[in-house]
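Below is one structure, written out as structure tokens; comments come after it.
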Amino acid sequence: MSENIEKDAAPLDFIREMIAEDVKNGKHGGKVITRFPPEPNGYLHIGHAKALCLDFGVAAEHGGRCHLRMDDTNPTKEDMEYVESIIKDIHWIGWDWGEHLYFASDYFGQFYEYAIELIEKGLAFVCDLTADEFKDTRGSLTTPGVESPYRNRSVEENLDLFKRMRDGEFEDGAKTLRAKIDMSHPNIHMRDPAIYRIRRFNHFRQGDKWCIYPMYDYAHPLEDAIEGVTHSLCSLEFEIHRPLYDWVIENVSVESRPEQTEFARLNLTYTVMSKRKLLELVKGKYVNGWDDPRMPTICGLRRRGYTPASIRNFCTRIGMTKVNSLTDVALLEHCLREDLNKTANRVMGVMDPLKVVIENYPEDETDWLDAVNNPEDPDSGSRKVPFTRELYIDRSDFMEDPPKKYFRLSPGREVRLRYGYFITCNETIKNDAGEVVELRCSYDPETRGGSAPDGRKVKGTIHWVSVNESVKAEVRLYDRLFTVENPGADGVDYLTQLNEDSLEVKECYVEPSVSDSKPGALFQFERQGYFCVDDDSTDELLIFNRSVALRDSWAKMNK
RNA sequence: AGUCCCGUGGUGUAAUGGUAGCACAAGUGAUUCUGGUUCACUUUGUCGAGGUUCGAAUCCUUGCGGGACUGCCA
């Protein structure tokens, strides 16, 4: 793993530069401790990959460490299923946190003690305002807020009330603990924000131990401080929360001084990245679970044939800035093609079969021909492909009336069957409807293996399988998840678009060697222009990576 | 409207006062037993206006544009 990660070493971005500077200056004792803090309320997606590759990557680059921390402070949305998936997906991408797996909920006791400290310092108070009243008195973006009538309760009263909040004496929402800062602060988050709310809900790890739960703005800086995190990296929307983050660190007796730095989150063209919307797709059964290959989740990408290396590489190439950007999904696909071209074994397959009969080839003979597994990897070896009198080729590889620059089979023309023989089309057989249903061809026995001793060349090389010796496989064709112009925008009807044509089931014929493949094995289908993966969850089925199709120049020529 | 953040080819990013570079995308050509890969080449950019300076993408002023913030979510 370390080899790969070294290979992926990211260029210097503003965060890496800042951290390098801190290390140089001996800030935080010259240490780099980061954390990746997902809330376990959904599966990780490619956007999380960007964040976690930074968190784990930058720590590794400085010999520091990165903690995996479940930010489980809101019991109503969280679940162990998500915890497990997060752990699995990060490991799969190739990062490890050693023993440093933490849960924010394990700090609930400490959070409580620190809250008491704030109350004792006169920096927090119990407020009886309802949510609506709170909202009404908070002011607006342009007008200051009004101080709560409960703001000046005595320390003793606050202490007593807060204890009784914890002991379950009050109803949900009846009271909050608020930080006492400044109701006229231009930053709304500093206007006496709530730091504890009463919420009776069974926490997936703490059960009913607590009925009060800390808010993110209060809990997060403490989590970082407790763990000794030096650099707390998060996305841009938390930028405006930073003054509160710093306020908590300054006013509570924690030793470490973590610092928050923000970067822009990933947006991808055609891709819905919102956890809320992805959850909607799963719950509404628009997709077959979080790992549906149409999902931009890590596990969805995995089933779609994405490799860990390709995802890490993508994350280093998109860079790290504070600019709101929209990255072309073509870059992600490029990163995968780049990896797969080097590593994926090739195999021949026919999606839309057209029968070819080699008239001068004996009926009961089978010739096992050598085929190279991966021309770009000398160590990948070779396999045997059966050649018989009756073959299938792809319908798109034959044209009765070929336009100029069509290199493949047509009446009277000679082409190469890859790793096989040169064949010439002598006759087309049609059905009553006038459709071509069979080709009568002849082969040149001298061209076994695919080259002619007389040195003559053919323009086209096509793929083929034996009628009798091939394997029939069901194939699911997946499109990109969404083809919406502005997937991030509200009101975009992405659900309908998903149902229309993002999934197509077909049958195809493939070489017999495919049936020996292991689930999860990756192939590049010869000449077909697709990568595919042997699905590890549905046995025997193949998924084609339509979105990772090799460039289809022929289709473009016809446009 | 207020506070904060951000503006570099079509897209994503380098250049931290000194030749605007890289990648993706697009295009042209060559090679090729995958119309893939590979290789070569080409097109396209510093948001506008002032200022400081020998010199500005970079510093200053200002305009314009984009984003975040008005959960007892994270």
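Order of the sequence lines sets the chain letters (A, B, ...), proteins ahead of strands, with each chain counted from 1. In this text the structure is predicted, and so the values were computed from the model without any measurement.
- Side-chain proximity of A:Arg138 to B:G36, B:G12, B:U70: nearest is B:U70.
- Distances shown here put every side-chain N or O of A:Arg276 at or beyond 4.0 Å from the OP1 or OP2 atom of B:A74.
- Distances shorter than 4.0 Å separate none of the side-chain N or O atoms of A:Arg317 from OP1 or OP2 on B:C22.
- Under the Watson-Crick or G-U wobble criterion, with both distances below 3.5 Å, B:C64 is paired with B:G7.
- Checking B:U34, B:U8, B:C69 against every side-chain atom of A:Val323, the shortest atom distance belongs to B:U8.
- Nucleotide B:U16: unpaired (no Watson-Crick or G-U wobble partner with both distances less than 3.5 Å).
- The side chain of A:Arg197 lies closest to B:C73 when the candidates are B:A68, B:C73, B:G12.
- Considering only the side chain of A:Ser140, B:U70 comes nearest among B:U16, B:U70, B:G12.
- Rounded to an integer number of Å, the gap from A:His463 NE2 to B:U32 P is 21 Å.
- Note on A:His334: a side-chain N or O is less than 4.0 Å away from OP1 or OP2 of B:C24.
- Checking A:Glu39 against A:Lys459, the closest nucleotide of RNA chain B that is more toward the 5' end is the one next to A:Lys459.
- No donor-acceptor contact under 3.5 Å links the side chain of A:Glu239 to the base of B:G67.
- For A:Asn324, whose side chain is taken as the heavy atoms from C-beta onward, the closest listed nucleotide among B:G67, B:A25, B:C73 is B:G67.
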ring-ring contact (aromatic ring centres under 6.0 Å, His included) assessment of A:Phe201 paired with A:Tyr213: CA-CA 10 Å; A:Phe201 202 99; A:Tyr213 290 94; 8.5 Å; no

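- Between A:Glu223 and A:Arg35 there is no salt bridge, since none of the side-chain N atoms of the basic residue sits less than 4.0 Å from a carboxylate O of the acidic one.
- By the 4.0 Å N-to-carboxylate-O rule, A:Asp55 lies too far from A:Arg69 to be salt-bridged with it.
- Distance from the side chain of A:Asp328 is smallest to B:U11 among B:G2, B:U11, B:A74.
- In this structure, of B:C72, B:C6, B:C69, it is B:C72 that holds the atom nearest to the side chain of A:Phe134.
- For a distance-only test at 3.5 Å, the side chain of A:His241 qualifies as a donor-acceptor partner of the base of B:A74.
- The side chain of A:Lys77 lies closest to B:C73, out of B:U37, B:C73, B:G12.
- When the P atom of B:U16 is taken as reference, atom CD1 of A:Ile15 falls 19 Å away, rounded to whole Å.
- By the rule that a glycosidic angle within 90° of 0 means syn, B:G63 does not qualify and counts as anti.
- Remark: A:Arg242 is not in phosphate contact with B:C69, judged by side-chain N or O atoms under 4.0 Å from OP1 or OP2.
- A:Thr321 has no side-chain polar atom (N or O) that falls below the 4.0 Å cut-off from OP1 or OP2 of B:G12.
- Side-chain N/O atoms of A:Arg191 include none lying less than 4.0 angstrom from OP1 or OP2 on B:C69.
- In terms of modelled atom types and a separation under 3.5 Å, the side chain of A:Asp352 and the main chain of A:Asp394 share no donor-acceptor contact.
- Regarding A:Asn267, its CG atom lies at a distance of 14 Å from the C1' atom of B:C6, rounded to whole Å.
- In this structure, the nucleotide among B:G12, B:C72, B:C69 sitting nearest to the side chain of A:Ile240 is B:C69.
- The partner of B:U58 is absent, by the rule that a Watson-Crick or G-U pair needs both atom distances under 3.5 Å.
- Between the CZ atom of A:Phe125 and the P atom of B:C72 there is a distance of 13 Å, rounded to whole Å.
- Between A:Asp182 and A:Arg191 there is no salt bridge, since no side-chain N of the basic residue sits under 4.0 Å from a carboxylate O of the acidic one.
- Take the nearest nucleotide of RNA chain B for A:Thr142 and for A:Glu237: the residue whose nucleotide is more 5' is A:Thr142.
- The side chain of A:Ala330 sits closest to B:A25 out of B:G12, B:A25, B:U34.
- Ion pairing between a basic and an acidic side chain is recognised when a charged N comes within 4.0 Å of a carboxylate O; A:Arg346 and A:Glu511 show no such pairing.
- If you measure from atom NE2 of A:His185 to atom C1' of B:U70, you get 14 Å, rounded to the nearest angstrom.
- Remark: A:Lys322 engages A:Glu239 in a salt bridge, criterion side-chain N to carboxylate O under 4.0 Å.
- Taking atom C1' on both B:U38 and B:A49, the two are 48 Å apart, rounded to the nearest angstrom.
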